[in-house]
4 protein chains.
Amino acid sequence: MSDNEEVREKIIKAAMRIFSQHGFFKPPVRLIAEEAEVSKGLIFWYFRSKEELILEVAVRSLPTDIMEQCLKEGIGGGELLRCIGKRYLDKYKDPILKNLLLHTLSAEALYPSIRAEITKLCGEGLRKTAIMAFGSDDPTHIMVVRSFFGGLLCYVLRPPQDISPEDYLESLMEISLCCPSSSSSEKGRSSK
Amino acid sequence: MSDNEEVREKIIKAAMRIFSQHGFFKPPVRLIAEEAEVSKGLIFWYFRSKEELILEVAVRSLPTDIMEQCLKEGIGGGELLRCIGKRYLDKYKDPILKNLLLHTLSAEALYPSIRAEITKLCGEGLRKTAIMAFGSDDPTHIMVVRSFFGGLLCYVLRPPQDISPEDYLESLMEISLCCPSSSSSEKGRSSK
Amino acid sequence: MSDNEEVREKIIKAAMRIFSQHGFFKPPVRLIAEEAEVSKGLIFWYFRSKEELILEVAVRSLPTDIMEQCLKEGIGGGELLRCIGKRYLDKYKDPILKNLLLHTLSAEALYPSIRAEITKLCGEGLRKTAIMAFGSDDPTHIMVVRSFFGGLLCYVLRPPQDISPEDYLESLMEISLCCPSSSSSEKGRSSK
Amino acid sequence: MSDNEEVREKIIKAAMRIFSQHGFFKPPVRLIAEEAEVSKGLIFWYFRSKEELILEVAVRSLPTDIMEQCLKEGIGGGELLRCIGKRYLDKYKDPILKNLLLHTLSAEALYPSIRAEITKLCGEGLRKTAIMAFGSDDPTHIMVVRSFFGGLLCYVLRPPQDISPEDYLESLMEISLCCPSSSSSEKGRSSK
DNA sequence: CATGAATGAGCCTTCATTCAT
DNA sequence: AATGAATGAAGGCTCATTCAT
């Protein structure tokens, strides 16, 4: 039913706001119910348990959707990095999602399903990105992508006030792109 | 007195193991007491509340100590980055501390004192590093340091299996050092 | 709604029995829950805290209701004293309420709201009674009422076995009524 | 040892202050230790348990000492009442003792030894007083003494501000003394 | 679908009491 | 005598979850 989904969505949105501010474990379900303006009991009609709601929110908090969309668009090279970077910064400029990302990374140690999700993102996702961006998934290029993502995460963690997201992204891309082209072959050797 | 400190330390160490595995909020104090092999009551003799114990653990989980030590040693340039990188990877190769770092970053949204600590680390700490490493804290160099730290964090988040920490660090440093020398001036202008 | 009030009342009644026997502070909430045959958690659904339950019981334990009813009936003279005395002895012949009265008087030092209630009872209530009983609230008549109430309290504290409540009341009233008529004027002067 | 007794006394005095303010059951032993400026452990050297300390304080809070002293002095009639009344009002004009008296009366339901003490006071004590004051312990005279004590208790409960303890006592005595002489015989009859 | 009363497990914390020093 | 670290038993209260309505 469509009504069904709307309510479910309302609960998830409320949970995201509450979890963002208080983490996954401190806030009682009652708080989420109040924020969603539904009864406490209703939450357990849509979600088997609080944990199920946490997992639903956690999955949405990761950048999985961004990776998938950008990789699906078939673009390559710097454009792929720009695509990912742009949407990444856009998603996490929302402080709610920024906090949720951290809570989710932290909760990885607790929920195997979150761990699996992140592992896929950092394993397969990273490799695919390297291949589509640089045509190679050798350690050096993986490293560049890794550093690129690290820079993005760093921005999310502490957005610097003296630079816009756009400029930040350009600057980050320049760092990522300037070296590997020339050093990728040497790197392979020197890292030995 | 000396017994005093020993017991206190034993509790903190136990708390680090437990918190690392279960996060700060799910594990009851009882679990920490059992891990430390002391009575539950004794924990509240040494710490006013569970929160106080959490904060003690959280502070130890951040890389504040590393930043301070390396900056104090008076080294500069790539050597400073290597110093920080080496100790950073060394500290967080311990899975206990790796998890604690994530829990602490996540708990930032909940505890103002953690927030202050991280803010200092990412503000003042980053700037000082940029100055001592590159002789400048203009946005571009800040960005490079940021990307460098991002890469370190990324390693901690998902240590890649096909590369040793040492090689990872060298590779990351190369990326950080190769560009700014040439682009710093241009970047400084373009980012204006 | 009606079920609501019934449960609430059941809890209060159970609390009165338990508090009467063990005082306000020694018996754990669990005991009240068992006595009321409800779960411990439910008590905190109806009362924010144990203290709130204590205060509810405390207020019911004072003779406020008696004073109000008798004063409202518009009777005066000895009849008013008899009305109060009769209901007073009737209320506190129940050993549960007798004990609760003492616990409440004792708890006055701890709860401002109880203190306020008692102050009203002993200030305004006593004066109104003097006026309606003797047509005057000068010190002497206040004193007589005071002595009358003292006698009632004394009976509650230690009901003598050789005299019925009815006879006790008559005897007490005789003492209260025989003197002031003759001595009120002198007393008024001499107490100046 | 004299040092012994001094410390013991210091603890009791501190306990009286603390118990007076917070009742017997809410304040932890730690509070009494701090008030007495001794260690918590020492209290358990002088008193087997907290309960033992409570009982010690409770006994001192009752007017047993006053009754004994006045009865021992061999005076009779109104002078006896005056002796008791004077010392009674004097003892309980101290708000600490006033509160303790109430706490003790309330704790009667909890401790058999307190109950015994009060029973003796209200039984034997009252009768002896009646005999020595009026030469008779028939119900009427007992009643007068009872009313007298009730008036004293009432004063302690709520000392009226418009009358001094001395005047209060005189007034109370007048009420107690004026009637029984004439009514004692009739009373005996009318009380059935 | 929706509510909210009801449950019971469990949590943080306190506290009387003990005991090594 | 005196201290204060250490213990373990509760205690008040919260909260996820269920269920009758």
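Just so you know, these numbers come straight off a predicted model, no measurement behind them. The sequence lines fix the lettering, A, B, ..., with proteins before strands; numbering per chain opens at 1.
- Between C:L110 and D:Q21, the shortest heavy-atom distance links the atoms CD1-O, 4.0 Å.
- Where C:S39 and A:V38 each meet DNA chain E at their nearest nucleotide, the meeting point lying more 5' is that of A:V38.
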Side-chain donor-acceptor pairs of residues 94-102 of chain D under 3.5 Å, sequence neighbours excluded:
| from | atom 1 | to | atom 2 | distance (Å) |
| --- | --- | --- | --- | --- |
| D:D94 | OD1 | D:I96 | N | 3.0 |
| D:N99 | ND2 | D:S20 | O | 3.4 |

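- Rounded to an integer number of Å, the gap from C:E34 CD to E:dT7 P is 13 Å.
- Regarding C:I11, its CD1 atom lies at a distance of 9 Å from the P atom of E:dT7, rounded to whole Å.
- Scanning for salt bridge (charged side-chain N to carboxylate O under 4.0 Å, His left out) contacts around B:K91 gives B:D65, with sequence neighbours left out.
- Inter-residue side-chain proximity for D:R158 and C:T119 is flagged as met; some heavy-atom pair is nearer than 4.5 Å.
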Show the distances under 3.5 angstrom between N or O atoms of the protein and N or O atoms of nucleotides 14-18 of chain F.
| from | atom 1 | to | atom 2 | distance (Å) |
| --- | --- | --- | --- | --- |
| F:dC15 | OP2 | A:R30 | NH2 | 3.4 |
| F:dA16 | OP1 | A:K50 | NZ | 3.1 |
| F:dA16 | OP2 | A:V29 | N | 2.7 |
| F:dT17 | OP2 | A:K50 | N | 2.8 |
| F:dT17 | O4 | A:K40 | NZ | 3.1 |

Show me, pair by pair, the donor-acceptor contacts under 3.5 angstrom made by side chains of residues 53-63 of chain D, not counting sequence neighbours?
| from | atom 1 | to | atom 2 | distance (Å) |
| --- | --- | --- | --- | --- |
| D:E56 | OE1 | D:R8 | NH2 | 2.9 |
| D:E56 | OE2 | D:R60 | NE | 3.4 |
| D:R60 | NH1 | D:E9 | OE2 | 2.6 |
| D:R60 | NH2 | D:E9 | OE1 | 3.3 |
| D:R60 | NH2 | D:E9 | OE2 | 3.4 |
| D:S61 | OG | D:V57 | O | 2.7 |

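- In this structure, CG of B:N4 is placed 14 Å from C1' of E:dT21, rounded to the nearest angstrom.
- Taking A:T104 as the reference, nothing meets the side-chain hydrogen bond (donor to acceptor under 3.5 Å, both in side chains) condition, with sequence neighbours excluded.
- F:dG12 atom C1' lies 11 Å from atom CD1 of C:I32, rounded to whole Å.
- Every side-chain hydrogen bond (donor to acceptor under 3.5 Å, both in side chains) that A:T64 has, sequence neighbours left out, goes to A:E117.
- With a cut-off of 3.5 Å on both pairing distances, the Watson-Crick and G-U wobble pairs of DNA chain F assemble into stems of 3 or more at E:2-21 with F:2-21.
- Sequence neighbours left out, the pairs with a member in residues 23-38 of chain C that pass side chain to side chain donor-acceptor pair (under 3.5 Å) are C:R17-C:E35.
- Between B:L42 atom CG and F:dT7 atom P there is a gap of 5 Å when expressed in whole angstrom units.
- Taking atom CZ of residue B:F47 and atom P of nucleotide E:dC12, one finds them 15 Å apart after rounding to whole Å.
- Look at CD on D:E6: it is 11 Å from P on F:dA2, rounded to the nearest Å.
- By the side chain to side chain contact (heavy atoms under 4.5 Å, CB included) test, C:P27 is found to be paired with C:I18, C:F19, C:H22, residues two or more places apart in sequence or in another chain being considered.
- Distance, C:F24 CZ to F:dG11 P: 18 Å, rounded to whole Å.
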